[in-house]
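Here's the structure, in structure tokens; my notes come after.
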Protein chains: 2
Amino acid sequence: MAMRIGELARQAGTTTRTLRHYEELGLLPARRTGNGYRTYDDGDLRLLQQIRTLQDFGFGLEETRPFVDCLRAGHPAGDSCPASLDVYRRKLAELDECIADLQRIRAEVGGQLARAELEAAADVPGGPPPLCAFAPPPGHEAPAPGHEASPPEHGRETGTP
Amino acid sequence: MAMRIGELARQAGTTTRTLRHYEELGLLPARRTGNGYRTYDDGDLRLLQQIRTLQDFGFGLEETRPFVDCLRAGHPAGDSCPASLDVYRRKLAELDECIADLQRIRAEVGGQLARAELEAAADVPGGPPPLCAFAPPPGHEAPAPGHEASPPEHGRETGTP
DNA sequence: CCTGGACTTGACGTCAGCGTGAAGGTTTAC
DNA sequence: GTAAACCTTCACGCTGACGTCAAGTCCAGG
């Protein structure tokens, strides 16, 4: 039941530094033993798990506070309180807007790439030399066939940036 | 044509601080007049516009460098060089992954909200009092009909978080 | 001459969520 | 009895893209 900071960190898969940080924020205050050591119980583990779950969803620490307060108030779940539901709703709206923004940007960037690739293909039909670095204003001295620097097969949808 | 930092900032809709910052990064170096004042021309304005456009797309400043270099090398557009196209492609992949993450999270949060709303409706069918703040572990003393603190009509899709 | 505006460099502050020591006290195991 | 492992409180560092003073320089108008 009772445990010290290192043990709690291990059980929650986080670090002691993180727990101390949460305490600084008043998010997860700890009781103390006689020697000054922080001491936690299973309830604190639940609070912490709630925080980490929301963090994984991209919630800021302050946004997790209503959930934590709700749990500490004795409710069965962190989202049993209206304040928590409000945070859910605000987050959903935020996510929707963010997703819409990103999709708009994705479309724009995709369009720019397509256009730029077309223009590159037009300017360099056979394969003139890349004149990046040393090139006077839009003149065109491209007699010799080129080499090097070809687009990597225009492959989309890779992963892990 | 030639202008000082304040004028360029105005024309690009940014601040002098930003321009000095770009210069620190070597992104937009300035010539100097006799008195030490930075001086820019229309070419610099174009470079700056390129940077700002990409910034609006969420590109980091370092990611704009290939575009700026490309323009400065005399190419007609910032994305006329292979290095710029690569940045486009990497950004697209990044955007796709980010969008996918957010959509997954949106689904999870949406699910949590739905579940929590159901549970709230189940626990409080007629309208028992919200016992957030002061509530001993999951007991249930809810005789009197409640008031106050109702969810805002569960409205989704608002804006500007 | 003097005021005011635009310019200069330098350097610290902001936001978030911790990481990473330093310097020292406590407990535990052998 | 001593080393290892744990704990404590500072307190600075990191990332990005600037904001915000502060103190001094430069130039034009009245």
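Reminder, nothing fancy here: chain letters follow the sequence lines and each chain counts from 1. Keep in mind that the numbers below use all heavy atoms, side chains included, and drop hydrogens, waters and symmetry copies.
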[X] [atom1] - [N] [atom2] separation (whole Å):
X        : N       : atom1 : atom2 : value
Arg4(A)  : dG25(C) : CZ    : P     : 18 Å
Glu23(A) : dC7(D)  : CD    : P     : 13 Å
Leu25(A) : dG17(C) : CG    : P     : 8 Å
Glu24(B) : dG10(C) : CD    : P     : 9 Å
Leu27(A) : dG17(C) : CG    : C1'   : 12 Å
Arg10(B) : dC7(C)  : CZ    : C1'   : 12 Å
Leu19(B) : dC7(C)  : CG    : C1'   : 13 Å
Arg17(B) : dA6(C)  : CZ    : C1'   : 17 Å

Exercise. Among residues 46-62 of chain A, which contact DNA chain C at a heavy-atom distance under 4.0 Å?
Worked result: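 Result for residues 46-62 of chain A: Arg52(A), Gln55(A), Gly60(A), Leu61(A), sorted by number.
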Exercise. Is it true that Val87(B) and Ile105(A) fall in one hydrophobic cluster, defined by side-chain heavy atoms closer than 4.5 Å?
Worked result: yes
Problem set entry | Residue pair Gln49(B) / Arg52(B), side-chain donor-acceptor N/O under 3.5 Å | no
[X] side chain, from C-beta outward: closest of [options]:
X        : options                  : result
Arg32(B) : dG19(D), dT8(C), dT27(C) : dT8(C)
Thr15(B) : dG19(D), dC7(C), dT26(C) : dG19(D)
His21(B) : dT8(D), dA17(D), dC26(D) : dA17(D)

Exercise. Is Thr39(A) near enough to dC7(D) that one of its side-chain N or O atoms lies under 4.0 angstrom from OP1 or OP2?
Worked result: no
Problem set entry | Side-chain N,O (Asn35(A)) to OP1/OP2 (dC7(D)) below 4.0 Å |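 So the side-chain polar atoms of Asn35(A) never come under 4.0 Å of the phosphate oxygens OP1 or OP2 of dC7(D).
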Do [X] and [N] share a donor-acceptor pair, side chain to base, under 3.5 Å?
X        : N       : value
Tyr22(A) : dG17(C) : no
Arg38(A) : dT8(D)  : no
Arg20(A) : dT8(D)  : no

Ignoring hydrogens and angles, tell me if any N or O in the side chain of [X] forms a donor-acceptor pair with the backbone of [Y] under 3.5 Å.
X        : Y        : answer
Glu63(B) : Gly60(B) : yes
Asp41(B) : Asp44(B) : yes
Ser80(B) : His75(B) : no

Problem set entry | Aromatic ring proximity, centroids under 6.0 angstrom, Phe67(B) and Tyr88(B) | yes
Exercise. When rounded to the nearest 0.5 angstrom, what distance separates CD1 in Ile99(A) from CZ in Arg104(A)?
Worked result: 13.5 Å
Exercise. Looking for any heavy atom pair under 4.0 Å, which part of the strands does Thr16(B) touch: base, sugar-phosphate only, or nothing?
Worked result: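 No contact.
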